[in-house]
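Just so we're on the same page: letters track the sequence lines, and every chain starts at 1.
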Amino acid sequence: MSTIVEAIDLRKTYMLGKVPVEALRGVNLKVEAGDFISILGPSGSGKSTMLNLIGALDKPTSGVLRVGGVDIGRLNDNHLAEVRLKIGFVFQFFNLIPRLSAKANVELAMSIADMNSAARSKRAAGLLNAVGLKDRMYHKPAELSGGQQQRVAIARALANKPKFLLLDEPTGNVDSKTATEIMSLIHKLNREHGVSIIMVTHDQKLASEARRTVHMVDGEIESDLVN
Amino acid sequence: MKILDILRYAFSAIKLRKFRAFLNILGIAIGIAAIVSLLGITAGLQASITGELTQGLSANSLIVMPGGDSSGQDSPGFSIGLSGSGSGFNLYINQTSDIESLSPNITSAIAIIQRTGRIVSDDLNRSVTIYGVDYDAYAQVYPSFSAESGYIPVNPQNDDIVLGSRVVDPAQNGTQFIVPGDDVSLLWLNATVLPPVYENYTVQVSGVLGKVGGGFGLAPSDGAVYIPLSTAADFFDTDACDMIVVTLTNSDNATMTEVTNLIKTYYSGQVAVVSSDVLAAVLNSVLSYLQLFLVGIAAISLLVAGVGIMNIMMVSLIERTREIGILKALGMKSRTVLMIFLGESVILGFIGGVVGVVGGWVIANGVTWVLGSGLLGIGGNLSITPVLSPLVIFGALAFGVGISVIFALYPAWRASKLRPVDAIRHE
Ligand SMILES: Nc1ncnc2c1ncn2[C@@H]1O[C@H](COP(=O)(O)OP(=O)(O)OP(=O)(O)O)[C@@H](O)[C@H]1O
Ligand SMILES: [Mg+2]
């Protein structure tokens, strides 16, 4: 199996005014293609920071982070943007562009990747169909439930055929029934389509559904267990 | 991202904030409309003056007016549509025979008295320019001085008067309020006595000119009233005139210069002697400065609109921080974010520009119509058709878009520099 993410002594320090905040303090992690990892940990332990770095949204302060073999820390803004194109990212809140319909949100990701309009319309419809939103395509985010919005976000994250999917508390603000639906969608993507998954969650039970659970405390990995 | 997709996305952002977009467009449109209408009116004025000069003045004539200078150069020391020079120096009617005898190259010299007054009849009361001219001599210098209805009386057979076509038909729609044979009253405000009084006399109309345009006092015009020179001298109680038109045997430079110098010497340098060419050039350059000045002011209003755009964009930048974060997280490059914001300003600037050009054209036509209608009691004798060249149209559009883009540069740059993590954390 090939390694898609590799972190070596990864550190991230934010400056809050003059006070340094060490969000990541020497993280080592390896993710193989096709893996399904959940990241657990208390609030402020650096989970989102970790995910943002892997998603090339930010650069590490020190250490090495290779995503798809490329050292993120050495890339310029333009190249980081190109790396992001190949990564599917689902955030916890306010994921979608409010003025665009579900379908237009999914298409937007493809138009950023220069796909032509006929192809992206077809693919967006297919993806929304796959996440069970066939009859909600032309609804605006405000006209969708939290769970439906999150499924649109997943469809959009898949738009450019990413090698892996990063999810930051994808079930954070939906009820348990919807959470189960979203989880089964994620499982299906992993199992049937071979999409690697890295998912941050607070929910012990959901975390245990992953193949591997990484526990973070205070910017460090406390445990890394195969379930 | 493809340029069409960028524009489409930019447009969707504009549509979301319609009122804001409307204000932006309005700001640009007002500035552009001001520029376009001012350019259109002044260009129309220019065309009208040039037209009047070329059709009214033959190349071999010179105009003598008070207001020369000691340097002996042809100076723009004339006053259009006004009477008297205010300097105390006057041209006199009886000097025309002296001038005629200055050189064998001079065919004729005619005096013209010009005053602003009113014409009053049963159906009409409007502001006009009254010219006192010798009908025969005037018609010889200006071929356009010929009656379309009635006739031009042979001097000094009677005191009958001749009217420009717009005087009898102010709306220029064929409804004539006065026909030859009618009696009308002429009025002028005599301010040389205190309190000022309206002098007036009643006279019969003998002829109406065909449509000739004009209105700058350099040739027959649609808004003018013509009375015999001697009558004018009595009526206005003066033996001074406002200009003397000198016709020469030929129009070569040597003759023009020779006669010009002779006339200047005769008046000891206190007159301006200009040919129609020089007059046109001077008028045009005066108008060009005027144009530059007015358009400069209008351009400032566009800058204000630009600052407004910048302000609104800065606000929307803050509101859209999260959106920008999402776009960047989806892999959008900084320069694409920049182009989206600039694209919005291009769309706003373009719509504002189009609205402004159309609005400016409408305003220019409205203003020239009012000037020509005499509704304001002033300038009723001016007939101007606004002129808009493609250069002005495209220039104005480009200017609108340009201003819009320039002021959007900073907000757009700020947007493009947002770091995706910070943008996503933004609530
Ligand atoms: N942009 C930032 N500037 C300053 N400090 C930051 C920034 N982002 C994160 N931090 C700090 O870094 C630490 C880790 O934050 P992070 O968001 O990674 O935590 P988390 O594990 O995702 O928490 P939660 O479960 O609440 O989402 C926190 O102490 C946080 O305050
Ligand atoms: Mg978090």
Quick one: what part of B:Leu327 sits under 4.5 Å from any heavy atom of chain A, side chain, backbone, both or neither? both

Is the side chain of A:Asn160 donor-acceptor paired with the backbone N or O of A:Ala109 at a distance under 3.5 Å, no angle test? yes

If we define contacts as heavy-atom pairs under 4.5 Å, which of A:Ile97, A:Asn52, A:Asp77 has the most with chain B? A:Ile97

Do A:Ile154 and A:Leu189 have side-chain heavy atoms sitting under 4.5 Å apart? yes

Which answer fits A:Asp114, side chain, backbone, both or neither, if we ask what part of it has an atom under 4.5 Å from a heavy atom of chain B? both

Side chain, backbone, both or neither of B:Ser12 within contact of chain A (heavy atoms, under 4.5 Å): both

With a cut-off of 6.0 Å (strictly less than), are more than 12 heavy atoms of other residues, nucleotides or ligands near CZ of B:Phe394? no

Contact class of A:Leu108 relative to chain B, heavy atoms under 4.5 angstrom: side chain

Under a plain distance cut-off of 3.5 Å, with no hydrogens placed, do A:Lys103 and A:Ser121 share a side-chain donor-acceptor pair? yes

B:Tyr9 six-ring centre to A:Arg99 NZ/CZ under 6.0 Å and within 45° of normal: yes

Return the option, out of B:Lys328, B:Arg320, B:Arg8, B:Arg335, with the maximum number of heavy-atom pairs under 4.5 Å with chain A. B:Lys328

